[in-house]
Enquirer: 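What follows is a structure written as structure tokens; I'll ask about it next.
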Amino acid sequence: MRPGWLRAPVSVAVALLVLVLAAVAAAFAPWIVPGATAQDLILGISGPGPGHPLGTDDLGRDVLSLLVAGARTAVPGALCVAVGSMVVGNLAGLPAGYLGGWVDALVMRWADLVFSLPALLVAIVVAGVLGGGYGLAIVVLVVLFAPTDTRVVRGAVLEQRHRPYVEAARMKNLSAWRIMTRHVWPNIAPVALANVFLNFAYALVSLASLSFLGLGVAAGSPDWGRTLSDNRTQFLANPWTVIAPGLAIIAVAAALNIVGDWLYERVDARGRAR
């Protein structure tokens, strides 16, 4: 039998390749394009040509170098939001699903309240009032994304809590915390981890949107959303200053959705098989 990733559809294989390239760019951008923000005011904005495959922006910065360097803020920031949201969702969803009662009611009322709010609009308002900033944008999005993970984890725990292995653990007088973390969590972890990919995609777009509006990274930083914003008036002079970061956001977000859906389908199929 071939490994699972070798049996994946072509679309999933392509999506995984896109994610690998984005991860490599995010991790090694300072070594791949050490002079990404170097300016050449004499050259100014120009179309694709020798030495500049995607041309330059109005400051004479190479667009391809900015694209690679932009992954260093766009990808890790979105990953922090997705992982942070998963951690909060698990800390809230596990006891809500397992203990039930007032704990479940309290957690779900909080989740329903936050979930009913338009996440991006609230993030724009909060970031605008508090002065913006990359770190602030990440924290706000973690809080706004956490209810999704809370609902997913709670639903998975509700499905597991009456199964024989949980009843057996209760008969041994194990604490509720130990049952949740040592017995229930390993069985719901694949579903929670698959949801991380979906939140990753939403976080990537949301952070890019905040940076585009000037509420994320600082001006001039090599970030996909910020680069898109800084060069939107230069489209006619060199379309790649806008197309390249836009395509990067779309490609990585779509790849995350494809891989996340594929993982969820595989996890769901294995769960039904058991």
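Hydrogens, waters and symmetry mates are skipped; everything else that's a heavy atom, side chains included, is used. Sequential numbering from 1 along the given sequence is applied to the chain's residues.
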Enquirer: Could you tell me if the side chain of Asn195 sits less than 4.5 Å from the side chain of Val191, heavy atoms only?
Expert: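 Side chain of Val191 against side chain of Asn195, heavy atoms only: no contact under 4.5 Å found.
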Enquirer: Show your working on side-chain contact (heavy atoms from CB on, under 4.5 Å) between Val75 and Phe200 and close with a plain yes or no.
Expert: CA-CA 9 Å; Val75 175; Phe200 198 163; 3.9 Å; yes
Enquirer: For residues Leu54 and Leu247: do they belong to one hydrophobic cluster (side chain heavy atoms under 4.5 Å, members Ile, Leu, Val, Met, Phe, Trp, Tyr)?
Expert: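 Cluster IDs for Leu54 and Leu247 match.
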Enquirer: Search all heavy atoms of Ala156 against all heavy atoms of Ile188 and return the closest pair with its distance.
Expert: CB-CG2, 3.6 Å
Enquirer: May I ask you to decide if Gly44's main-chain N or O and Thr56's side chain share a donor-acceptor pair within less than 3.5 Å?
Expert: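 Yes, because the side chain of Thr56 sits within donor-acceptor range (under 3.5 Å) of the backbone of Gly44.
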Enquirer: Give a yes-or-no answer on whether the side chains of Thr241 and Asn231 include a donor-acceptor pair shorter than 3.5 Å.
Expert: no
Enquirer: Regarding Ser229 and Arg232, is there a side-chain donor-to-acceptor distance under 3.5 Å anywhere?
Expert: yes
Enquirer: Taking a hydrophobic cluster as the set of Ile, Leu, Val, Met, Phe, Trp and Tyr residues connected by side-chain heavy atoms closer than 4.5 Å, whether directly or through intermediates, do Phe145 and Phe115 fall within one such cluster?
Expert: no
Enquirer: Could you go step by step and tell me if His183 and Leu174 meet the side-chain contact (heavy atoms from CB on, under 4.5 Å) rule?
Expert: CA-CA 10 Å; His183 298 276; Leu174 298 180; 3.6 Å; yes
Enquirer: What distance do Arg226 atom CZ and Leu228 atom CG have between them, rounded to the nearest 0.5 Å?
Expert: 11.0 Å
Enquirer: Does CZ belonging to Phe28 count more than 12 external heavy atoms closer than 6.0 Å?
Expert: no
Enquirer: Applying side-chain contact (heavy atoms from CB on, under 4.5 Å), can you list everything that pairs with Ala176, at least two apart in sequence or on another chain?
Expert: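 In terms of side-chain contact (heavy atoms from CB on, under 4.5 Å), with neighbours along the sequence ignored, Ala176 is linked to Tyr98, Leu99.
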Enquirer: Within the structure provided, determine whether Leu141 and Leu207 are in side-chain contact (heavy-atom separation under 4.5 Å).
Expert: yes
Enquirer: To the nearest 0.5 Å, what is the distance between CD on Gln160 and CG on Leu158?
Expert: 10.5 Å
Enquirer: Rounded at 0.5 Å granularity, tell me how far OG in Ser11 sits from CD1 in Ile258.
Expert: 5.5 Å
Enquirer: Should Arg170 and Ile179 count as side-chain neighbours, where that means a heavy-atom distance under 4.5 Å?
Expert: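 Yes - at least one pair of side-chain heavy atoms lies under 4.5 Å apart.
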Enquirer: Is it true that Asp112 and Arg151 make a salt bridge, defined as a side-chain N closer than 4.0 Å to a carboxylate O?
Expert: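 Yes, this pair counts.
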Enquirer: For Leu193 and Met86, what are the C-alpha separation, side-chain angles and deciding distance, and is it a side-chain contact (heavy atoms from CB on, under 4.5 Å)?
Expert: CA-CA 8 Å; Leu193 292 175; Met86 182 193 70; 3.7 Å; yes
Enquirer: Between Ala92 and Trp110, what is the shortest heavy-atom contact and its length?
Expert: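 Closest approach of Ala92 to Trp110: CB-CZ3, 4.5 Å.
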Enquirer: Is there a donor-acceptor contact under 3.5 Å from the side chain of Asn257 to the main chain of Ala253?
Expert: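 Flag set: sc Asn257 to bb Ala253 pair under 3.5 Å.
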Enquirer: Measuring only between side-chain heavy atoms, which start at C-beta, is Asn187 closer than 4.5 Å to Tyr165?
Expert: yes
Enquirer: With no hydrogens and no angle check, do the side chains of Asn90 and Asp149 hold a donor and an acceptor under 3.5 Å apart?
Expert: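 No, because no side-chain N or O of Asn90 sits under 3.5 Å from a partner of the opposite role on Asp149.
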Enquirer: Evaluate side-chain contact (heavy atoms from CB on, under 4.5 Å) for Arg154 paired with Asp104, printing each intermediate quantity in order.
Expert: CA-CA 9 Å; Arg154 174 183 177 270; Asp104 183 36; 2.5 Å; yes
Enquirer: Could you check whether any side-chain N or O of Thr227 sits under 3.5 Å from a backbone N or O of Trp224, counting only pairs where one atom can act as donor and the other as acceptor?
Expert: no
Enquirer: Quick check against the 3.5 Å criterion: does Arg161 have a side-chain atom that pairs as donor or acceptor with the backbone of Val166?
Expert: no
Enquirer: Does the side chain of Pro30 come within less than 4.5 Å of Arg72's, by heavy atoms?
Expert: yes
Enquirer: What closest approach, in Å, do Ala26 and Ala71 show between heavy atoms, and which atom pair accounts for it?
Expert: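 Minimum heavy-atom contact is CB-O, 3.4 Å.
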Enquirer: Asn238 side chain to Ser46 main-chain N or O, any donor-acceptor pair under 3.5 Å?
Expert: yes
Enquirer: Please report the shortest heavy-atom distance between Leu210 and Ala137, naming the atom on each side.
Expert: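 Nearest heavy atoms, Leu210 then Ala137: CD1-CB, 3.7 Å.
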Enquirer: Flag the pair Leu198 / Leu256 as yes when at least one side-chain heavy-atom distance between them is below 4.5 Å, and no otherwise.
Expert: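 No - every pair of side-chain heavy atoms lies 4.5 Å or more apart.
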Enquirer: First locate atom CG of Leu67, then atom CH2 of Trp240, and finally report the distance between them rounded to the nearest 0.5 Å.
Expert: 10.0 Å
Enquirer: Restricting to non-hydrogen atoms, name the atom on Ala146 and the atom on Val88 that form the minimum distance, rounded to 0.1 Å.
Expert: CB-CG1, 3.6 Å
Enquirer: Cluster question for you: counting only ILVMFWY and a side-chain heavy-atom cut-off of under 4.5 Å, with indirect links fine, are Val122 and Ile138 together?
Expert: yes
Enquirer: Please tell me whether Leu21 and Leu16 are part of a single hydrophobic cluster in this structure, the criterion being side-chain heavy atoms less than 4.5 Å apart.
Expert: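 In one cluster: no.
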Enquirer: Which atom names give the shortest non-hydrogen contact between Leu66 and Pro222, and what distance separates them?
Expert: CD2-CB, 4.0 Å
